[in-house]
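As structure tokens, the structure follows; a few thoughts come after it.
Residues: numbered from 1 along the sequence shown. As the structure is a computational prediction, the values presented were derived from the model and not from experiment.
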Amino acid sequence: MKLELTESVLIQDLSGVRRSMATLKAHGVGFSLDDFGTGYSSLKYLKQLALEQLKIDQSFVADVMTDSHDAAIARTIVTLGHSLGLQVIAEGVETVAQRDFLLSIGCNIFQGYLYSEPHSAKAFEDFVCIKQRGANAQA
């Protein structure tokens, strides 16, 4: 299980967040820093928190094919994340071209409409059940 944190949560009480994260991590919970680069983006958070994942915000991914600055930011986030031993996830991937560019710079985990639109918990449960029934029928 992973919980996503946004930078705005961190600025309120960094030491309290660190303590809570340590407690939860001891119980097997992992953490992902969501929307990296859109808020305060202090590199201090990356150093001090027990993170496993860093997420490239969809605002950078959206124009990664047409805006050299967004491409550079995405490349930098991937390099930084991997240098710190973090997985890097790209949010808002909508096209094959975006995915292919992100793959070329070392990002290999994606979220976005290219794969699926958002679903309610019930719709997701139904989707998984249908997939399981199909897999069992083929076995």
Side-chain angles (χ1 to χ4, degrees):
M1 170 190 283
K2 288 202 179 22
L3 295 177
E4 293 184 4
L5 303 171
T6 59
E7 295 177 50
S8 60
V9 168
L10 303 177
I11 63 165
Q12 295 172 11
D13 180 16
L14 182 59
S15 61
V17 170
R18 284 180 31 207
R19 285 190 303 274
S20 296
M21 287 176 71
T23 301
L24 291 168
K25 188 170 181 145
H27 289 89
V29 176
F31 296 93
S32 179
L33 184 56
D34 196 19
D35 301 335
F36 183 72
T38 61
Y40 299 94
S41 299
S42 174
L43 299 177
K44 177 178 170 181
Y45 304 142
L46 299 179
K47 178 181 170 185
Q48 294 184 350
L49 299 175
L51 297 169
E52 295 176 7
Q53 298 176 328
L54 191 59
K55 295 180 99 175
I56 304 171
D57 186 70
Q58 63 187 343
S59 65
F60 301 122
V61 172
D63 294 327
V64 78
M65 300 306 301
T66 57
D67 185 326
S68 62
H69 293 116
D70 284 346
I73 290 168
R75 190 177 291 108
T76 301
I77 292 171
V78 169
T79 300
L80 176 64
H82 288 170
S83 296
L84 295 171
L86 303 173
Q87 294 177 325
V88 181
I89 301 170
E91 294 182 311
V93 177
E94 296 183 359
T95 69
V96 171
Q98 289 170 330
R99 184 209 52 212
D100 289 349
F101 170 77
L102 292 159
L103 274 170
S104 77
I105 63 170
C107 183
N108 57 10
I109 305 173
F110 312 102
Q111 293 177 330
Y113 281 90
L114 179 61
Y115 301 98
S116 176
E117 68 277 356
H119 292 288
S120 67
K122 175 68 173 128
F124 179 72
E125 182 181 326
D126 292 345
F127 173 79
V128 170
C129 288
I130 289 168
K131 288 290 187 186
Q132 286 178 339
R133 280 196 294 265
N136 291 337
Q138 292 178 353

Should [X] and [Y] be counted in the same cluster of Ile, Leu, Val, Met, Phe, Trp and Tyr side chains packed under 4.5 Å apart?
X      : Y     : result
Leu103 : Ile73 : yes
Ile105 : Met65 : yes
Val96  : Val93 : yes
Leu3   : Val88 : yes

Out of curiosity, [X] [atom1] to [Y] [atom2], how far, rounded to the nearest 0.5 Å?
X      : Y      : atom1 : atom2 : answer
Thr79  : Leu84  : OG1   : CG    : 11.0 Å
Glu125 : Ile130 : CD    : CD1   : 11.0 Å
Leu86  : Leu33  : CG    : CG    : 9.0 Å
Ile56  : Asp34  : CD1   : CG    : 12.0 Å
Asp57  : Asp70  : CG    : CG    : 10.0 Å
Asn108 : Ile89  : CG    : CD1   : 10.0 Å

How close do [X] and [Y] get, heavy atom to heavy atom, and via which atoms?
X     : Y      : answer
Phe31 : Lys25  : CE1-N, 4.3 Å
Val78 : Gly106 : CG1-C, 3.9 Å
Thr23 : His27  : O-ND1, 2.9 Å
Leu54 : Gly81  : CD2-CA, 4.0 Å

Given Gln87, which partner from the list Lys55, Gln53, His82 fulfils the side chain to side chain donor-acceptor pair (under 3.5 Å) test?
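So, applying the side chain to side chain donor-acceptor pair (under 3.5 Å) to Gln87 and each of Lys55, Gln53, His82, only Gln53 qualifies.
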*Would you say the side chain of Thr95 lies within less than 4.5 Å of the side chain of Leu114, judging by non-hydrogen atoms?*
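Answer no - side chains too far apart.
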If only atom types and distance count, is the side chain of Gln98 paired as donor or acceptor with the main-chain N or O of Val61 below 3.5 Å?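 Such a contact is found between Gln98 side chain and Val61 backbone.
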**Asked** Glu52 side chain to Ser32 main-chain N or O, any donor-acceptor pair under 3.5 Å?
**Response**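 Here the side-chain-to-backbone pair does not exist.
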